[in-house]
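Proteins come first, then strands; the chains are lettered A, B, ... in the order of their sequence lines, and each starts at number 1.
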Protein chains: 2
Amino acid sequence: MTRKIPQSTVRRLSHYLRSLEGFEDEGGTVSSEELAARGQTTAAQVRKDLSHFGSFGKRGLGYRVDELRSRLRHILGIDRPWRVALVGAGRIGRALIEYPDFRARGYECVAIFDSDPDKVGRRLGDQTIRDAATLEEAMEDLQVELVILAVPAEAAHDVAARAVDVGVKGILNFAPIRLNVPPRIPVQDVNLVMELEALSFAISQAEEAG
Amino acid sequence: MTRKIPQSTVRRLSHYLRSLEGFEDEGGTVSSEELAARGQTTAAQVRKDLSHFGSFGKRGLGYRVDELRSRLRHILGIDRPWRVALVGAGRIGRALIEYPDFRARGYECVAIFDSDPDKVGRRLGDQTIRDAATLEEAMEDLQVELVILAVPAEAAHDVAARAVDVGVKGILNFAPIRLNVPPRIPVQDVNLVMELEALSFAISQAEEAG
DNA sequence: CTACATTTGTGACGAAATTCACAAACCGGC
DNA sequence: GCCGGTTTGTGAATTTCGTCACAAATGTAG
């Protein structure tokens with residue numbers, strides 16, 4: 001029932017959940033048609049996406065909003081808290097950690113590291129910035145599960161390897177390189193330059209065509 | 001030769017370019033095999049991706065590094081400067097604008113807007129933050145081509161519509177909603193919550209399987 | 001209880017992207 | 001100039017993803 005799930009399906013699930021959170025009608029139901037309208041997709045796609053994970057939803061009625069919501073949270077793995085560490089207290093790292101939705105969705109920042117001596121010891125959010133040299137010990141103690149990697153490209157491989165060594169389960173990678181970690185460790189790349197380039201590409205294409 | 005290009009191809013092109021920039025060997029050549037090794041893909045995929053845009057590269061030899069680099073820049077539309085405006089001078093917008101690669105790649109921030117009176121008039125980077133109410137006039141004067149939209153979800157639709165009205169060509173959207181703009185206007189969504197959820201999903205899946 | 005109006009879940013189909021495999025092109029050496 | 005070793009470019013096969021269409025299930029009205 002739940003084998004190879006397309007990445008695009010996961011992104012849509014996330015989007016469905018976002019739509020459902022805008023719903024106030026607690027006890028109500030929602031049809032695949034309605035979800036599709038909010039999500040730039042089709043009703044069939046919504047049903048197919050959900051069917052990968054079982055069949056909740058009643059024929060003739062639709063999906064119960066509250067149930068679907070908690071199912072999606074479970075599927076996406078956000079029905080439990082995650083212990084997160086930020087490595088690299090630069091602009092991007094800070095922006096993310098102070099992002100209000102971050103904590104609200106169960107991502108709990110339990111440690112922040114940086115290698116810059118000027119930053120070590122200062123506070124950020126409710127954490128004191130630790131020396132990156134103490135990364136292994138601290139991550140093990142604090143049982144960090146997830147690392148947000150926001151360091152320069154040169155340092156990224158090293159940090160990733162060390163984090164994986166002490167049992168981290170996944171990495172959100174802002175460094176513009178492909179990390180070389182064992183395949184069992186999921187890595188999600190976020191690359192703002194790539195997004196900008198995709199945009200300028202699309203514009204250039206549109207100009208040529210039009 | 002260059003019709004419907006998959007989004008995944010564009011992302012890979014961007015990645016190839018990043019790899020090539022790490023190359024010092026100016027006059028040298030690189031094979032699809034080598035590019036694939038750096039890019040988490042296959043040699044055939046590299047060749048197929050490039051073949052969408054013509055056939056540069058010499059059989060038996062590979063691709064000339066400097067030529068491929070400039071070709072990719074042209075394809076991605078970054079062989080010319082882009083006039084960019086930032087709307088929303090919050091954490092995310094600031095992080096992006098101060099990102100060193102940003103300007104280095106030809107994205108020139110020519111205006112910053114915010115609706116918060118406390119922020120209007122303050123400086124950010126080399127710009128003074130303008131009142132969002134003056135958006136139309138300023139964008140037209142400054143010939144803004146590209147908008148980075150980093151405002152709360154409630155305001156995003158309105159700002160997007162107004163920007164499109166005064167001739168903006170594309171939008172990099174950080175608001176967690178699907179913008180409702182004419183299809184001729186490319187929109188690139190960046191959604192950090194979605195990335196985190198994709199990551200926790202992948203981890204949960206890996207745990208179930210392993 | 002029956003007829004009817006909905007809406008899901010899913011197998012069959014079609015489109016799209018990736019991989020395969022190989023002929024054509026190129027270089028260097030002799 | 002020709003041969004051998006390489007590597008591209010690309011049609012064809014394969015795999016993956018999205019769409020369609022419809023039977024099965026459910027609620028409602030009478």
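We find that A:Asp101 and A:Arg18 are not joined by a salt bridge, their nearest charged nitrogen and carboxylate oxygen being 4.0 Å or further apart.
Ranking D:dC17, C:dT10, C:dT19 by closeness to the A:Arg47 side chain, first place goes to C:dT10. Checking D:dT19, D:dG9, C:dT8 against the side-chain heavy atoms of A:Ser32 singles out C:dT8 as nearest. Closest to the B:Lys48 side chain, of the nucleotides D:dT10, D:dG9, C:dG9, is D:dT10. Among the nucleotides D:dC20, D:dT7, C:dT19, the one closest to the side chain of B:Ser31 is D:dT7.
With the nearest nucleotide of DNA chain D identified for both A:Gln45 and B:Glu33, B:Glu33 has the one nearer the 5' end. Mapped onto DNA chain D by nearest heavy atom, B:Ala43 and A:Ser8 fall at different nucleotides, with B:Ala43 at the one closer to the 5' end.
Phosphate contact (OP1/OP2 of C:dG9, side-chain N/O of A:Ser51, threshold under 4.0 Å): absent. Using a 4.0 Å cut-off, some side-chain N or O of A:Tyr63 falls inside it from OP1 or OP2 of C:dG9. Regarding contacts with the backbone of C:dA17, every side-chain N or O of B:Thr9 stays at 4.0 angstrom or more from both OP1 and OP2. Note on A:Arg59: every side-chain N or O is 4.0 Å or more away from OP1 and OP2 of D:dA24.
Rounded to whole angstrom, the span from the CZ atom of B:Phe56 across to the P atom of D:dT7 amounts to 19 Å. Remark: P of C:dT7 and CG of A:Leu68 are 16 Å apart, rounded to the nearest angstrom. C:dT8 atom P lies 13 Å from atom CD of A:Glu67, rounded to whole Å.
Exactly one of B:Lys169, B:Met139, B:Glu108 qualifies for a side chain to side chain contact (heavy atoms under 4.5 Å, CB included) with B:Glu145. That residue is B:Lys169.
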> When you look at A:Asp49 and A:Gln45, which way does the side chain to side chain donor-acceptor pair (under 3.5 Å) test go after all the steps?
Replying inline: CA-CA 6 Å; A:Asp49 285 340; A:Gln45 182 72 74; 3.1 Å; yes

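B:Arg64 CZ to B:Ser70 OG: the interatomic distance, rounded to the nearest 0.5 Å, is 9.0 Å.
Residue A:Thr41 is classed as having no contact, given no heavy-atom separation below 4.0 Å to the nucleic acid.
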